[in-house]
Amino acid sequence: MQAELEGQFQDFVRARWSRLVRTAYLLTGDVHHAEDLTQTALAKAYRSWRRIARSDNPEAYVRRMLVSCNSDRFRKRRVTEALTAAPPERVGGDEAVGRVEERGSLLAGLALLPPKQRAVVVLRYWEDLSEAEVAEVLGCSPGTVKSQASKGLAKLRVYPGLVREGRTCPDWEVEGEPRGTRSVRST
């Protein structure tokens, strides 16, 4: 690889590493798997960097590689995770602790979704990509994105770790939009 392309790739990795690892973590539910998955995707991107660098959006290209590498991980062998029903101890009633517990429950709920639904939910609602962008990343139609997002959110809304006080949590709402569409905020 030429020195200029090498430098471009290194700059890309420095600028986007944490975001790619975060996306990988949401796809895998494990920090170590996320880092491995990101490294695998970036190794593949390195080999094709000349072509990727010429694309309109190299980050989207690498994100697609990340999702594909995660799918390959499931094809090779089924990864099983042992999840517990509740954390071992509860510390105080602090609001920040509640958010951490809620996030842990959300991650556990995400881990139970099939890989395609998890990818759609992560890319659509956590990464805040449009339906068209998610469809492009996953190589499917926008209709598939809509149906997979709907099914994934429906499963998360009834996931036992996310239900509290007679309502589902997170109860996503967006100003001016119905629940479960576009950008989301946990309340």
Side-chain angles (χ1 to χ4, degrees), residues 1 4-74 79 81 96 99-140 142 144-146 148-149 152-153 156 162 170 172 174-175 177 180-187:
M1 184 179 280
E4 181 180 331
L5 285 174
E6 177 86 25
Q8 286 177 354
F9 182 76
Q10 289 176 358
D11 291 343
F12 174 84
V13 171
R14 274 189 220 101
R16 310 250 180 3
W17 171 259
S18 61
R19 185 173 180 147
L20 292 170
V21 170
R22 183 184 68 220
T23 301
Y25 177 73
L26 294 168
L27 292 171
T28 64
D30 180 87
V31 172
H32 302 294
H33 289 309
E35 289 174 348
D36 290 345
L37 185 64
T38 304
Q39 288 177 358
T40 301
L42 288 172
K44 289 182 179 186
Y46 179 80
R47 289 191 299 254
S48 305
W49 188 248
R50 181 181 310 277
R51 181 173 34 87
I52 294 170
R54 289 191 309 251
S55 72
D56 292 339
N57 189 350
E59 184 174 359
Y61 200 102
V62 174
R63 190 182 299 121
R64 170 69 178 138
M65 294 174 94
L66 195 67
V67 172
S68 295
C69 288
N70 188 52
S71 296
D72 291 346
R73 187 172 71 99
F74 281 95
V79 178
E81 301 282 335
R99 285 193 308 255
V100 169
E101 289 176 357
E102 197 171 277
R103 176 177 273 195
S105 295
L106 178 59
L107 293 174
L110 280 172
L112 296 176
L113 294 179
K116 185 113 179 185
Q117 282 179 11
R118 183 183 325 165
V120 167
V121 169
V122 166
L123 294 173
R124 180 82 172 101
Y125 299 103
W126 200 292
E127 291 293 324
D128 201 28
L129 299 181
S130 69
E131 290 169 351
E133 290 169 326
V134 174
E136 183 179 329
V137 167
L138 296 178
C140 62
T144 300
V145 171
K146 289 178 185 179
Q148 292 296 306
L153 290 176
L156 289 175
L162 297 175
W172 290 320
V174 178
E175 297 170 16
E177 294 184 28
T181 60
R182 195 61 185 122
S183 301
V184 295
R185 271 175 278 174
S186 180
T187 57

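- In this structure, CG in Leu27 is found 6.5 Å from CG in Leu123, a value given to the nearest 0.5 Å.
- Of the possible donor and acceptor atoms, none in the side chain of Ser55 sits under 3.5 Å from a partner among the backbone N and O of Arg51.
- In this structure, the side chains of Gln148 and Arg124 stay at 4.5 Å or more apart for every pair of heavy atoms.
- Taking every heavy atom of both residues into account, Gly152 and Leu113 meet most closely at O-CD2, 3.9 Å.
- Between His33 and Asp30, the shortest heavy-atom contact is N-OD2, 2.8 Å.
- The line from CZ of Arg63 to CG of Leu129 is 4.5 Å long, rounded to the nearest 0.5 Å.
- Looking at every heavy atom in both residues, Ala34 comes nearest to Thr28 through N-OG1, 3.6 Å.
- The two residues Leu156 and Gly109 come nearest to each other via the heavy atoms CD2-C, 3.5 Å.
- Atom CE of Met65 and atom CD1 of Ile52 lie 4.5 Å apart (nearest 0.5 Å).
- Counting only distance, with no hydrogens or angles, the side chain of Ser130 and the backbone of Glu133 share a donor-acceptor pair below 3.5 Å.
- Once rounded to the nearest 0.5 Å, the distance linking CG of Asn70 with CG of Asp36 reads 12.0 Å.
- A donor-acceptor contact closer than 3.5 angstrom is absent between the side chains of Tyr61 and Glu136.
- Aromatic ring pairs are classed by plane angle as parallel below 30°, tilted from 30° to 60° and perpendicular above 60°; the pair Trp49 and Phe12 is tilted.
- Put simply, the side chain of Arg118 gets close to the backbone of Ala111: a donor and an acceptor are under 3.5 Å apart.
- Atom CG of Leu20 is separated from atom CD of Glu35 by 12.5 Å, given to the nearest 0.5 angstrom.
- Between Tyr46 and Glu6, the shortest heavy-atom distance links the atoms OH-OE1, 2.9 Å.
- Heavy-atom contacts from other residues, nucleotides or ligands closer than 6.0 Å to CD of Gln39 number more than 12.
- Of the candidates Leu37, Thr38, Val31, Leu26, Val21 forms a side chain to side chain contact (heavy atoms under 4.5 Å, CB included) with just one, namely Thr38.
- Across all non-hydrogen atoms, the minimal contact from Ala119 to Leu138 is CB-CD2, 4.0 Å.
- Atom SG of Cys69 is separated from atom CG of Leu42 by 9.0 Å, given to the nearest 0.5 angstrom.
- Side-chain contact check for Lys44 versus Ser68: every heavy-atom pair is 4.5 Å or farther apart.
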